Amino acid sequence: MSVGTRMIHESAGLHVTGHALYTDDLVERTMHVLHAFPVRAPHAHARIVELDPTPALAVSGVVRTLTAADVPGVNDGGIKHDEPLFPDEVMFHGQAICWVLAGTLEAARLGAAAVTVRYEPLDSIITVREAIAAERYQGITLQLDRGDVDAGFAGAAHVFSGEFEFSGQEHFYLETHASLAMVDEGGQVFIQSSTQHPSETQEIVAHVLGIRSNDVTVQCVRMGGAFGGKEMQPHGYAAIAALGATLTGRPVRVRLSRQHDMTMSGKRHGFHTTWRAGFDDSGQIVALDAQLTSDGGWSLDLSEPVLSRALCHIDNAYWIPNLQVTGRIAKTNKTSQTAFRGFGGPQGMLVIEDILGRCAPRLGVDPVELRRRNFYRSGQTTPYGQPVRHPERLDRIWTALADLGDLATRRAEVSTFNETSSHRKRGLALTPVKFGISFNFTAFNQAGALVHVYKDGSVLINHGGTEMGQGLHTKMLQVASTTLQLPIGKIRLAPTRTDKVPNTSATAASSGTDLNGAAIKNACEQILARLDGIPGDTWEAKIATAYLSRIQLSAAGYYRTEGIECDGAAMRGTPFKYFAYGAAATEVEVDGFTGAYTFRRVDIVHDVGDSLSPLIDIGQLEGGFIQGLGWLTLEDLRWDESDGPHRGRLQTQGASTYTRYRVCPRFPRCST
């Protein structure tokens, strides 16, 4: 069986030798490509009084400019219809207001610099606090309730309150946003795109061009990282490329530089939170009242489902009998914030973890013990009403982590070190995780696949998921291999394309393997059922006989997640198929004078069930931890909040400024 074996990534050899193809690599294989370059606004908020792109046409090599007047369909690059591709009002510093197409990227850049624009600057809101003061919100307001919060606080022995604010995070995928579009002789628009959601890219391009979805094909070969940043945001760039290709008849490439990617595309949502928490004398949480305000940026994007998941994870691993949490989305003049690994879950969990960390010393309870006391127990439900199945796994993980990390001994060592060290201190923190697996939006919990068996017995599989380095394609090969009982060498996997598997869901929500793997399994099982009773000593002989017997040797597989239903507006139901449990122990040392810190050791225990591909899963666990570590330590987004001419400009526009503190964490030992 292939499932459960420690396979290396199916493209590992291609990656390390440089032979792996990404979207922008395909430009070199395409003739007469035009390069697109944006004209970007130097204001956080302004009205465009006059736009004259004609001077760009005088620049050698420039072929065409793209403005709102060129859009035959809907001038909008988002699913909520609040993201004009060519705006008449600038909503964030660096927003693209038109594009220039030229035979070289340098010519396109010079052409963009020649475009003349006159602006009327307007007042802008940059921070969440400013938005709260101005009561400037967008989208829905959510409320999650359980029990009687007032009674809970009235009966609490200890009540604490606080305010907590944390910023977002840059995805910093290695490959920036990229699209390559061309039109064939029949008018079919074909787009190579670095996208997590090819079907939605297809849909957006179709409505911008004013054509049907079957006139657009989107392919994703692979992505050089995504982390959620390519779930919604690639659509507009693909639409620009498709519009340019349609108008010029030549292939058009859109590929953002690192600076453009950081200043034009969305980030993880930062949050502002106020809270009040009540505890009894034993340290049990009896009531929580909190308000979460996310920084949505200039448009909605995915801010509503991100907020919903944040509220659904504010309980994390803990039973809270009386709870009232409201969530709202601030509208600021910044990039439109978007999906990011965890999709609001980490933000919600961070709030309750911060609360417990702050309240433990005031309660006189060890922080590790305070967390353990409040774990979910059998028979309890989440605040939105979903039963918490197998909560005992949290206790087993907690115990395993203590044993694996020899935590009792090390905590004593930490205490001894701190007593004898005046200027350097150590700490050892344990953090649990309970994370819901499925899309908040129920309709996305479906997937398709297409499996072909050829006359020589070789197999080709297609599925709706996208590969961004996480190893999804590797697992899909393993699923097909195990279901068909064939060596992986007999199976090939084709790039994700909307004309092979339609109406795909985004590869997101930690559900790519569950959904697409089940769809591939379904397709393979259909083929096996047709082969039942067909004679043949070998697979190849059986396939040859089946073909001669006119047995269909291809199948379209399908899967939908059963048992989930949720009223998103009421915040009630069962939005998740199951919960994934885990915990980490992190030991750090901090210099009291400089703030320099070292991560001395990290131990992680995570319950992944029966792992399809252990080597891949370990890589994801370690990568996820490191990315979270970066979010809360080195990585620091800064916007200019002054009233000067650069107000609203992202100041951290590259790796040298985004990682603010130059002390690199070191890991002498990391175990998972």
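Here the structure is a predicted model, which means the values were calculated and not measured.
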Interatomic spacing from [atom1] in [X] to [atom2] in [Y] - rounded to 0.5 Å:
{"X": "L142", "Y": "L307", "atom1": "CG", "atom2": "CG", "result": "5.0 Å"}
{"X": "H158", "Y": "L363", "atom1": "NE2", "atom2": "CG", "result": "5.5 Å"}
{"X": "I352", "Y": "I355", "atom1": "CD1", "atom2": "CD1", "result": "4.5 Å"}
{"X": "L370", "Y": "Q284", "atom1": "CG", "atom2": "CD", "result": "8.5 Å"}
{"X": "D289", "Y": "S161", "atom1": "CG", "atom2": "OG", "result": "10.5 Å"}

Between [X] and [Y], which heavy-atom pair has the shortest distance, and what is it?
{"X": "T586", "Y": "F625", "result": "OG1-CZ, 3.5 Å"}
{"X": "A330", "Y": "V128", "result": "CB-CG1, 4.3 Å"}
{"X": "R146", "Y": "W319", "result": "NH1-CZ3, 3.2 Å"}
{"X": "K434", "Y": "V388", "result": "CD-CG1, 4.2 Å"}
{"X": "T507", "Y": "T466", "result": "OG1-N, 2.7 Å"}
{"X": "L394", "Y": "A317", "result": "CD1-CB, 3.8 Å"}

May I ask you to say whether [X] pairs ionically with [Y], meaning some side-chain N is under 4.0 Å from a carboxylate O?
{"X": "K331", "Y": "D82", "value": "no"}
{"X": "D295", "Y": "K334", "value": "yes"}
{"X": "D617", "Y": "K475", "value": "yes"}
{"X": "R377", "Y": "E392", "value": "no"}
{"X": "R393", "Y": "D395", "value": "no"}
{"X": "R410", "Y": "E587", "value": "yes"}
{"X": "E641", "Y": "R649", "value": "no"}
{"X": "E562", "Y": "R560", "value": "yes"}
{"X": "D591", "Y": "K425", "value": "no"}
{"X": "D366", "Y": "R411", "value": "yes"}
{"X": "R371", "Y": "E353", "value": "yes"}

Distance under 6.0 Å and angle within 45° of ring axis: R276 vs F153: yes
Geometric cation-pi criterion R426 and F417, 6.0 Å radius, 45° cone: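 Yes, a cation-pi geometry.
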Heavy atoms of other groups near E135 CD, more than 12 under 6.0 Å: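 No, the 6.0 Å shell around CD holds no more than 12 heavy atoms from other groups.
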Greater than 12 external heavy atoms within 6.0 Å of R389's CZ: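 No, CZ of R389 has 12 or fewer neighbouring heavy atoms, counting only those of other groups under 6.0 Å.
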H313 ring center near F435 ring center (under 6.0 Å): yes
Check: H171 ring centre within less than 6.0 Å of F340 ring centre: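 Ring centroids of H171 and F340 are less than 6.0 Å from each other.
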Plane angle bin for [Y] and [X] - parallel if under 30°, tilted between 30 and 60°, otherwise perpendicular:
{"X": "F444", "Y": "F441", "value": "perpendicular"}
{"X": "F593", "Y": "H423", "value": "tilted"}
{"X": "F599", "Y": "Y597", "value": "perpendicular"}

For E635, side-chain contact (heavy atoms from CB on, under 4.5 Å) partners two or more places apart: Q169, Y658
Residue pair D261, Y173: steps toward the side-chain hydrogen bond (donor to acceptor under 3.5 Å, both in side chains) verdict: CA-CA 10 Å; D261 199 285; Y173 26 65; 2.7 Å; yes
Worked check of side-chain hydrogen bond (donor to acceptor under 3.5 Å, both in side chains) between Q138 and R328: CA-CA 8 Å; Q138 58 183 327; R328 56 193 181 178; over 6 Å; no
Criterion side-chain hydrogen bond (donor to acceptor under 3.5 Å, both in side chains) on N445 and T442, from CA distance to verdict: CA-CA 6 Å; N445 295 291; T442 303; 5.0 Å; no
Residue pair F227 / Q196, side-chain heavy-atom distance below 4.5 Å: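 No, every pair of side-chain atoms sits at 4.5 Å or beyond.
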Side chains of R268 and E170 in contact at under 4.5 Å (non-hydrogen atoms):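 A side-chain contact is absent here, since even the closest heavy-atom pair is not under 4.5 Å.
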